[in-house]
2 protein chains.
Amino acid sequence: MAVTTLGYALLSLLAVKSYTGYDLGRLMRSPISVFWEARYSQIYPELSRLESQGLVTYQAVTQHDFPDKKIYTITDDGRALLRIWATEPVDPPVIRDELVIKAYSLWMVDPEPAQELFRYHEQYHLAKLQQYEEVQRDLEASPEALNDPTSPTFAQYIILQRDLGFEREYAVWCHWVVERLEQTMRFSSPPIN
Amino acid sequence: MAVTTLGYALLSLLAVKSYTGYDLGRLMRSPISVFWEARYSQIYPELSRLESQGLVTYQAVTQHDFPDKKIYTITDDGRALLRIWATEPVDPPVIRDELVIKAYSLWMVDPEPAQELFRYHEQYHLAKLQQYEEVQRDLEASPEALNDPTSPTFAQYIILQRDLGFEREYAVWCHWVVERLEQTMRFSSPPIN
DNA sequence: TCACGCATGTAAGAGGTTACATGATTAG
DNA sequence: CTAATCATGTAACCTCTTACATGCGTGA
């Protein structure tokens, strides 16, 4: 009977607009980037669970040139549950970041390949940052919505700031690691070629 | 035959020093905060898997006043594997943060309880930040190690910067959300008491 | 012709959490 | 007297990923 975190994620997207499972999956991997990238194999079963719990309904649409689809809509019960859940306490997120473990082993590896690894991740997060900055520009084009706390755009802007901050901070850290490795290489003995 | 992420996490801790499973579990939930908080029920089986793979060995220690224990030590094979793994490419982490989903639903809830939620998380991350800053002061007390790229302290300092940045950024975001809700409340009609 | 977008799903397995079991010592 | 610390583990369960299955239309 309980709703999973993914279930709430889907509900919160459906609270704004009706979508198919496919749409929801694409949304979760778009640069508009809400939340994280869930697989279709998890989304579809989750949607039918939400449906059996009466939190969403769907309308089957028959198509000729494309596969048939189900457009899901949140119910009043779903909306009510989401509103209650939204302000209830949560535990802070658990971050399982493999790069951090690798960083912890840097003392036992050659600095050059380590730098390469961190340069790659710096670039990755800078690219993500740019994508989010584009979305930011789009949102800031309609400032009325950003000041209306009852507008979904307002909430989207809030989570966008989180994404921006996260990517910026991560890129800065990667850059700092590369610099630190550079610096320490000058102090240690040069490699034997 | 493959080693899991937790397996590498344990190996990277054992590369510095020998520990019991219990020690490793405590380390992972200490403010010295390496990585994330793994459960003992996951650590113990993982250690025996690493042992069966020849990546660690253990020495059984019989105790009178406390339960017997096993002190695990990394093997040469384990060390070699860890060094290779440490600079191999990784995917960026997937962040599944329930608070971000809740934030996405803020447009449909009362601002007051929402502020309370974000104030709580701001305090949480500020407290974490302080803990990390204490560790930072401890590490900076011995600056020679911080400039030696072959010292585990060097690597610990690197991941500490990540933790510091993460907590700082998260706290700033929470604060910003609270302020934004404050601001918008002044624009909307006052609640009917 | 081949891959991509549309669209929904099942099955198997890996990873992680919660609950349970045991038992002595020590601090409040 | 109760809770915490030390210390290792098993069993059941939930969550998430990977692989598989199907099939039409369109653009390169």
Side-chain angles (χ1 to χ4, degrees), chain A residues 1-10 14 18-30 35-53 56-72 90-98 101, chain B residues 1-11 18-30 35-53 56-72 90-98 101:
Chain A
M1 203 59 216
V3 178
T4 64
T5 304
L6 177 62
Y8 281 113
L10 298 176
L14 291 170
S18 294
Y19 290 108
T20 65
Y22 186 77
D23 290 337
L24 289 164
R26 260 189 331 167
L27 247 184
M28 286 185 88
R29 47 182 65 248
S30 79
F35 322 142
W36 65 88
E37 304 185 1
R39 312 279 149 192
Y40 292 113
S41 57
Q42 205 187 353
I43 291 172
Y44 290 122
E46 189 58 49
L47 282 171
S48 33
R49 267 190 73 203
L50 292 175
E51 199 264 339
S52 72
Q53 290 168 320
V56 299
T57 41
Y58 69 85
Q59 193 200 343
V61 177
T62 315
Q63 296 186 122
H64 3 220
D65 47 346
F66 287 116
D68 295 351
K69 61 181 174 181
K70 295 176 180 178
I71 300 172
Y72 283 88
V90 220
D91 286 335
V94 176
I95 313 292
R96 276 188 210 87
D97 190 348
E98 241 180 273
I101 310 174
Chain B
M1 204 57 215
V3 178
T4 63
T5 304
L6 177 63
Y8 281 113
L10 298 175
L11 277 181
S18 293
Y19 290 109
T20 64
Y22 186 77
D23 289 338
L24 290 164
R26 259 189 332 167
L27 247 183
M28 287 185 86
R29 49 182 63 249
S30 80
F35 323 142
W36 64 91
E37 305 185 0
R39 312 281 147 189
Y40 292 112
S41 57
Q42 206 189 350
I43 291 171
Y44 290 122
E46 189 58 49
L47 282 171
S48 34
R49 268 191 70 203
L50 291 175
E51 199 263 339
S52 72
Q53 291 167 319
V56 300
T57 40
Y58 69 87
Q59 191 199 346
V61 177
T62 314
Q63 296 186 123
H64 4 224
D65 47 345
F66 286 116
D68 296 351
K69 61 182 176 183
K70 297 177 179 175
I71 299 172
Y72 283 89
V90 221
D91 286 335
V94 177
I95 313 291
R96 273 187 210 88
D97 190 348
E98 241 180 272
I101 311 174

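We name chains A, B, ... by the order of the sequence lines, and we start the count at 1 in each one.
Take A/S48 and apply the side-chain contact (heavy atoms from CB on, under 4.5 Å) test, not counting sequence neighbours, and it matches no residue. For A/Q63, the side-chain contact (heavy atoms from CB on, under 4.5 Å) test picks out A/V61, A/F66, A/D68, A/K69, with sequence neighbours left out. Applying the side chain to side chain donor-acceptor pair (under 3.5 Å) criterion to B/T57, with sequence neighbours excluded, gives no partner residue. Qualifying salt bridge (Lys or Arg N to Asp or Glu O under 4.0 Å) partners for B/R26, counting only residues two or more places apart in sequence or in other chains: B/D23. For B/Y44, the ring pair (Phe, Tyr, Trp, His ring centres under 6.0 Å) criterion is met by B/Y40, not counting sequence neighbours. In this view, A/S41 and A/R39 satisfy the side-chain contact (heavy atoms from CB on, under 4.5 Å) rule, not counting sequence neighbours.
Across all their heavy atoms, A/I71 and A/S18 have their closest contact at CG2-CB, 3.8 Å.
For the segment residues 58-68 of chain B, residues with any heavy atom less than 4.0 angstrom from an atom of DNA chain C are, sorted by number, B/D65, B/P67.
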Please list, one pair per line, the donor and acceptor atoms closer than 3.5 Å that link side chains of residues 90-97 of chain B to other protein atoms, with sequence neighbours excluded.
from: B/D97; atom 1: OD1; to: B/L99; atom 2: N; distance (Å): 3.0
from: B/D97; atom 1: OD1; to: B/Y170; atom 2: OH; distance (Å): 3.4
from: B/D97; atom 1: OD2; to: B/Y170; atom 2: OH; distance (Å): 2.5

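Note on the helix from C/dT1-D/dA28 to C/dG28-D/dC1: terminal axis deviation equals 40°, with five pairs used at each end and the result rounded to 10°.
Under the 4.5 Å side-chain criterion, counting only non-hydrogen atoms from C-beta, A/I101 is in contact with B/W36. B/L47 places none of its side-chain heavy atoms less than 4.5 Å from the side chain of B/E51. Inter-residue side-chain proximity for B/L6 and B/M28 is flagged as met; some heavy-atom pair is nearer than 4.5 Å. In this structure, A/R49 and A/T4 have side chains that are in contact, with non-hydrogen atoms separated by less than 4.5 Å.
Chain B approaches DNA chain C within less than 4.0 angstrom (heavy atoms of the protein), and the contacting nucleotides run 5' to 3' from C/dG15 to C/dT25.
Nucleotide D/dC6 holds its P atom 14 Å from the CD1 atom of B/I71, rounded to whole Å. If you measure from atom CD1 of B/I43 to atom C1' of D/dC6, you get 15 Å, rounded to the nearest angstrom.
Rounding to the nearest 0.5 Å places OH of B/Y8 at 9.5 Å from CG of B/L50.
Phosphate proximity of D/dT5 to B/R26: absent, as no side-chain N or O sits under 4.0 Å from OP1 or OP2.
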Contact list (N/O, under 3.5 angstrom) for nucleotides 15-19 of chain D vs protein:
from: D/dC16; atom 1: OP2; to: A/Q42; atom 2: NE2; distance (Å): 2.5
from: D/dC16; atom 1: O5'; to: A/Q42; atom 2: NE2; distance (Å): 3.3
from: D/dC16; atom 1: O3'; to: B/R96; atom 2: NH2; distance (Å): 2.9
from: D/dT17; atom 1: OP1; to: B/R96; atom 2: NH2; distance (Å): 3.0
from: D/dT18; atom 1: O4; to: A/S41; atom 2: OG; distance (Å): 2.7

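Of the two residues near DNA chain D, B/K70 and B/Y22, the one whose nearest nucleotide lies more 5' is B/Y22.
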